[in-house]
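Within every chain, numbering begins at 1; the chains are lettered A, B, ... in the order of the sequence lines, protein sequences first and strands thereafter.
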4 protein chains.
Amino acid sequence: MPRNSEASQKKIMEVAVKIFARKGFDGARVDEIAREAKVNKALIYYYFKSKSLILEEIFRIFNDESSKLIISFFQDQAELEDSEWLITFFDAFMTFLEERKDILKIMITESLKSNENEPPIFGFMNLIFQQDIEKYIQSMKKRGFHMSDDKEQMMVTEFFTDIIPILTYVVFKDKWSRLFGVDKERLKSMFFEAYSSTHLAYHLGQKPK
Amino acid sequence: MPRNSEASQKKIMEVAVKIFARKGFDGARVDEIAREAKVNKALIYYYFKSKSLILEEIFRIFNDESSKLIISFFQDQAELEDSEWLITFFDAFMTFLEERKDILKIMITESLKSNENEPPIFGFMNLIFQQDIEKYIQSMKKRGFHMSDDKEQMMVTEFFTDIIPILTYVVFKDKWSRLFGVDKERLKSMFFEAYSSTHLAYHLGQKPK
Amino acid sequence: MPRNSEASQKKIMEVAVKIFARKGFDGARVDEIAREAKVNKALIYYYFKSKSLILEEIFRIFNDESSKLIISFFQDQAELEDSEWLITFFDAFMTFLEERKDILKIMITESLKSNENEPPIFGFMNLIFQQDIEKYIQSMKKRGFHMSDDKEQMMVTEFFTDIIPILTYVVFKDKWSRLFGVDKERLKSMFFEAYSSTHLAYHLGQKPK
Amino acid sequence: MPRNSEASQKKIMEVAVKIFARKGFDGARVDEIAREAKVNKALIYYYFKSKSLILEEIFRIFNDESSKLIISFFQDQAELEDSEWLITFFDAFMTFLEERKDILKIMITESLKSNENEPPIFGFMNLIFQQDIEKYIQSMKKRGFHMSDDKEQMMVTEFFTDIIPILTYVVFKDKWSRLFGVDKERLKSMFFEAYSSTHLAYHLGQKPK
DNA sequence: AATGAATGAGTGTTCATTCAT
DNA sequence: AATGAATGAACACTCATTCAT
């Protein structure tokens with residue numbers, strides 16, 4: 001390993017994520033990535049063919065990791081108690097996303113642009129439901145969760161009232177906390193309260209408090 | 001080729017909204033706005049001091065119009081029956097947003113960037129709750145909606161499980177419909193079903209079906 | 001005509017010709033063209049979409065002008081005496097080329113590259129023989145010049161032993177004169193002697209002296 | 001992947017010649033040479049101090065080889081019959097150049113640039129006349145060829161109506177054959193016909209047919 | 001002898017903005 | 001009110017060259 005190939009490459013991607021999140025992909029400057037990553041700008045092009053391909057690589061890795069997480073929860077942890085499973089899953093998912101909140105920002109921003117590509121956020125959603133949707137629905141029902149039998153309805157409900165609120169919370173919590181002067185822990189528990197009393201309540205079929 | 005101030009100015013803003021939505025503010029080019037609006041590029045600078053100020057003007061007008069809509073519903077239409085009021089409000093709000101979906105895209109994108117400004121989406125939310133939050137809560141409760149007495153909690157719930165899903169639906173419905181091959185009317189009713197069975201159910205304190 | 005569009009455009013092309021000739025198209029720098037033409041670099045791109053298109057425009061104009069010259073000699077000046085016509089033509093052609101020697105340098109250089117385009121020098125040759133080759137041959141023969149009846153042979157002979165020596169003389173005469181310390185007038189008459197005693201002698205069917 | 005000095009070095013030069021010819025020296029990329037020669041880019045700099053020095057080495061070797069060829073014909077083969085000598089020389093010279101046509105392309109291209117160096121094509125010409133020009137002229141005359149007694153005139157005639165047509169034929173024959181759909185053998189004989197009936201005719205003092 | 005990583009100085013091109021009319 | 005011309009500062013990307021091993 002002459003010099004430190006992997007370290008440089010990793011550093012570039014980390015900084016790129018930060019700056020893409022901060023300024024948007026189009027607002028980000030390759031020069032700035034180089035400066036902040038403390039590497040020569042040409043080195044970025046030594047590892048990545050273009051600015052866009054840095055982004056694609058970021059998404060690719062994110063999708064890989066997401067896949068693994070999802071699979072592990074529907075396969076490996078299948079033996080957990082239902083209530084325990086839910087909490088474990090929610091927590092793990094939340095932690096996973098919070099650690100990648102910059103990527104989520106980029107993902108949302110890029111999803112809103114009007115190009116021909118599939119919005120990356122749809123790709124992410126598809127990952128979550130990647131396995132046989134039938135199987136997914138059955139496995140959730142078996143666990144006692146109320147789910148629509150209509151697959152299309154199920155996806156709409158899960159996307160707009162589950163995934164989206166969670167992602168939105170993750171990408172906006174810092175700003176919310178700062179601008180409204182709310183402690184982060186309290187904000188988190190308020191969000192969980194909101195999520196429980198709407199989306200979770202729906203799944204559990206309980207009257208919300 | 002418009003030869004009068006207002007027409008040109010309006011055309012510029014309309015086209016700017018479209019292009020900012022399509023490519024993002026940073027991805028948009030003043031040249032392209034000029035070309036598509038069929039005005040000379042320098043004319044844009046005759047009416048707007050800079051590219052950013054076009055955006056600010058867009059947001060300003062949007063906020064003005066939003067304000068008016070909100071106020072009208074809490075003041076002018078106060079005499080409507082409760083159930084009728086809710087539906088009328090939801091429909092009017094939805095129509096209003098759908099007509100401005102491009103602005104919403106821009107608003108979300110710009111809100112995600114990390115600059116010192118207040119994210120425009122928070123500004124939009126504040127507009128909705130602009131009048132005395134107390135008064136708002138009371139007025140909702142009076143109408144029979146379950147609302148948290150905790151003002152902070154109320155805002156969190158309304159933002160992440162009401163406003164956000166609605167905005168997200170509006171900005172993604174075209175892509176969703178196209179990519180998943182779902183008819184727009186059906187998508188709308190599925191979204192309404194999702195919204196009702198989670199957020200509305202919470203307000204109405206009913207068991208969701 | 002706000003400011004001086006045409007002047008700038010013309011200046012850019014003139015300087016581009018000079019620099020492309022001096023350094024080759026690939027060795028030339030747009031920056032240098034801008035500097036030497038005393039225009040802003042971006043102005044170059046205001047008039048020409050790319051560096052390559054500057055070159056294409058240069059060739060286009062050169063070809064137009066060549067066409068006109070050729071046509072004028074085969075049509076307008078058809079009434080001249082034969083010997084007079086030849087000398088007039090040769091002189092006019094020579095003057096025309098000497099005034100455009102930089103373009104010829106570029107043309108030769110670009111013709112040698114291996115891309116899919118037709119080498120510009122072939123395009124130039126085709127211009128010369130553009131009118132019905134038959135007609136051309138007949139018109140030359142009528143004037144008493146020996147010409148091959150085989151069209152392909154005729155083109156080969158004219159290209160390699162007429163056009164090419166002339167072009168080569170034009171593009172190398174300055175360097176020759178400087179490096180071998182030969183006066184330009186003398187060089188010219190030596191070249192004419194060489195040309196007469198080989199190519200012209202062939203056409204005239206005379207024993208060279 | 002060659003593991004020995006000479007093979008790598010030779011491969012680099014061969015590929016460099018090909019690419020310099022294809023794209024011009026300035027249009028050629030060291031990266032591309034490395035890729036096509038299947039050697040590491042840094043290895044090129046291990047053998048050659050710079051891109052320019054690759055070119056200089058190419059020319060140096062070409063000139064050496066040319067020298068040898070010329071000398072052999074004026075010394076070693078001096079005992080051949082005159083007519084035989086001429087044909088043998090022309091054929092050998094032609095073959096030699098055809099095998100090096102890529103170098104000739106580079107030579108012409110580089111000769112056209114305006115730098116202070118002696119154009120390599122003049123260097124090549126000087127090689128041919130390197131020995132005492134007097135001696136050369138006498139030796140040609142002795143063989144019965146008509147030659148100008150004026151040394152300067154002789155060089156002009158030989159350069160522009162002998163060397164240049166031959167070089168030009170060699171560097172353009174492939175393109176000519178392809179673009180005009182002429183068989184290469186036929187093209188060669190047409191060129192020889194053109195050359196004979198102009199330049200050779202001059203030397204032989206015969207009326208061209 | 002050979003290589004993957006790294007770099008400084010460019011290089012063509014773009015862009016928001018301004019000028020002159 | 002409107003426009004074609006002009007500009008300075010970037011910008012993504014490239015390239016010859018060197019380093020460290």
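- Residue-to-nucleotide proximity on DNA chain E shows that, of A/Ser8 and C/Val30, the 5′-proximal contact is made by A/Ser8.
- Taking a 4.0 Å limit (strictly below) on heavy-atom distances, residues 32-61 of chain A reaches DNA chain E at A/Asn40, A/Lys41, A/Ala42, A/Leu43, A/Tyr46, A/Tyr47.
- A straight line from NZ of D/Lys23 to P of F/dT14 spans 13 Å, rounded to a whole angstrom.
- Listed for the B/Lys175 side chain is a donor-acceptor partner under 3.5 Å among the backbone atoms of A/Ser111.
- A/Ser8 contributes atom OG, which lies 10.5 Å from atom OH of A/Tyr46 (distance to the nearest 0.5 angstrom).
- Between E/dG10 and C/Arg29, no contact under 4.0 Å exists linking OP1 or OP2 to a side-chain N or O.
- With values rounded to the nearest 0.5 angstrom, D/Glu110 atom CD is found 5.5 Å from D/Leu55 atom CG.
- We find that NZ of B/Lys11 is positioned 17 Å from C1' of F/dA1, with the value rounded to whole Å.
- Between E/dA5 and A/Ser5, a contact under 4.0 Å exists linking OP1 or OP2 to a side-chain N or O.
- In this structure, A/Ile19 places its CD1 atom 15 Å from C1' of F/dC11, rounding to the nearest Å.
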Side chains of residues 14-27 of chain B: which donor-acceptor pairs under 3.5 Å do they make with residues two or more places apart or in other chains?
unit_1  : atom_1 : unit_2   : atom_2 : d
B/Lys18 : NZ     : B/Glu36  : OE2    : 3.4
B/Arg22 : NH2    : B/Glu36  : OE1    : 3.0
B/Arg22 : NH2    : B/Glu36  : OE2    : 3.1
B/Lys23 : NZ     : B/Glu32  : OE1    : 3.1
B/Lys23 : NZ     : B/Glu32  : OE2    : 3.2
B/Asp26 : OD2    : B/Lys113 : NZ     : 2.8

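- The distance from atom CG of C/Asp31 to atom P of F/dA10 is 15 Å, rounded to the nearest whole Å.
- A salt bridge links D/Asp64 with D/Arg60; the closest basic N to acidic carboxylate O contact falls under 4.0 Å.
- In this structure, C/Ala28 reaches the sugar-phosphate backbone alone: every heavy-atom distance under 4.0 Å involves primed, P, OP1 or OP2 atoms, never a base.
- A straight line from CD1 of D/Ile12 to C1' of E/dT3 spans 13 Å, rounded to a whole angstrom.
- In summary, D/Glu65 and D/Arg100 engage in a salt bridge, as defined by a charged side-chain N under 4.0 Å from a carboxylate O.
- With hydrogens and angles ignored, the 3.5 Å screen pairs a side-chain donor or acceptor of C/Lys51 with a backbone N or O of C/Ala28.
- Across its full length, the helix from E/dA2-F/dT21 to E/dT21-F/dA2 shows an angle of 20° between the axes of its 5 terminal pairs at either end, rounded to 10 degrees.
- Atom-to-atom distance recorded for A/Ile44:CD1 and A/Leu53:CG is 13.0 Å, nearest 0.5 angstrom.
- The closest donor-acceptor contact from the side chain of A/Asn117 to the backbone of A/Pro119 lies at 3.5 Å or more, if one exists at all.
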